Amino acid sequence: MDKQTFLDNFSNLDYPRKTYLCYEVELLVGENSIPLDEYKGFLHNKGADMGLERCHAEPIFLERMASWNLDTELHYRITVFISWSPCPDCADELVKFLRENRHVNLRIFAARIYDYLQGYEAGLRALKAAGTDVAMMTFQEFEYCWKNFVDHQQDEDESFPLWDNLDVESEELTKNLEGILQNQED
DNA sequence: ATTTTCAAT
């Protein structure tokens with residue numbers, strides 16, 4: 001991914017009107033995990049521009065996961081870094097996928113909480129109930145994505161240019177998320 | 001004083 005695209009979209013201080021999703025897959029063998037680089041990448045939602053039907057990032061990702069045909073006899077961990085947390089509908093779709101794919105374990109790190117649509121809290125709780133670890137991205141995850149999903153070309157060692165208040169915002173969002181996930185109402 | 005949310009004007 002382009003540097004500026006990453007910084008613009010994953011900043012936890014802004015409100016971009018699009019969503020990027022980075023993903024990677026590990027094969028779990030006993031206590032070991034083996035990265036499967038062939039299933040690593042990123043995507044973004046489709047807008048209504050250019051006549052395309054709009055689609056959130058998650059359905060696109062679900063389609064991609066299904067196309068991998070991961071071996072049902074094996075066990076995988078899929079890690080997702082997404083700039084906006086899943087909306088209620090997408091959360092339901094993810095839960096449905098996880099119910100049908102017990103060999104897949106999902107972790108989601110979100111840069112920001114998408115709290116625009118009603119029922120977003122219940123959606124996030126449903127994901128957690130389905131066994132997904134849902135957490136906010138912290139410096140560690142931002143830096144990890146910077147190193148693993150951003151193109152650096154000549155500057156291989158270019159360090160992650162963190163922004164002011166990254167940690168403050170991340171901590172605040174983490175508190176909000178924990179409150180949402182602990183709440184029993186649905 | 002401080003919006004913005006997977007666009008559309």
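For clarity, every value in this text was computed on a predicted model and none was experimentally measured. Naming convention: chains lettered A, B, ... in sequence-line order (proteins, then strands); numbering from 1 in each chain.
- Counting only heavy atoms from C-beta outward, the side chains of A/S83 and A/L21 never approach each other to under 4.5 Å.
- Distance A/L177 CG to B/dT5 C1': 16 Å, rounded to the nearest Å.
- Nucleotide B/dT5 holds its P atom 18 Å from the CZ atom of A/F10, rounded to whole Å.
- Contact check, A/Y114 against B/dT5: no side-chain N or O comes under 4.0 Å of OP1 or OP2.
- One interatomic measurement links the two molecules: CG of A/N45 to P of B/dC6, which rounds to 8 Å at whole-angstrom precision.
- Following rounding to the nearest Å, A/D89 (CG) and B/dC6 (P) show an atom-to-atom distance of 14 Å.
- In the hydrophobic clustering of this structure, A/I82 groups with A/L127; members are Ile, Leu, Val, Met, Phe, Trp, Tyr whose side-chain heavy atoms approach within less than 4.5 Å, directly or through other members.
- Contact annotation for A/D115: base contact, defined as any heavy-atom pair under 4.0 Å involving a base atom.
- The interatomic distance linking A/E169 (CD) with B/dT4 (C1') rounds to 13 Å, in whole Å.
- The aromatic rings of A/W68 and A/F61 sit perpendicular, their planes meeting at an angle over 60°, well past the 30° parallel limit.
- Remark: C1' of B/dT9 and CZ of A/R17 are 10 Å apart, rounded to the nearest angstrom.
- For the P atoms, the distance linking B/dT9 with B/dT5 amounts to 14 Å, nearest Å.
- With C1' as the reference atom, B/dA7 and B/dT3 are 15 Å apart, rounded to whole Å.
- Counting non-hydrogen atoms under 4.0 angstrom, A/C87 reaches a base of the nucleic acid.
- With side-chain heavy atoms closer than 4.5 Å counting as contact, directly or through intermediates, the hydrophobic cluster containing A/L13 also holds A/M1, A/F6, A/L7, A/F10, A/Y20, A/F42, A/F81, A/F109, A/M137, A/F139, A/F142, A/Y144, A/W146, A/F149, A/V150, A/F160, A/L162, A/W163, A/L166.
- In this structure, OH of A/Y120 is placed 15 Å from P of B/dC6, rounded to the nearest angstrom.
- With rounding to whole Å, A/H56 atom NE2 is found 12 Å from B/dT5 atom P.
- The side chain to side chain donor-acceptor pair (under 3.5 Å) search around A/S170 returns none, not counting sequence neighbours.
- Distances shorter than 4.0 Å separate none of the side-chain N or O atoms of A/N9 from OP1 or OP2 on B/dC6.
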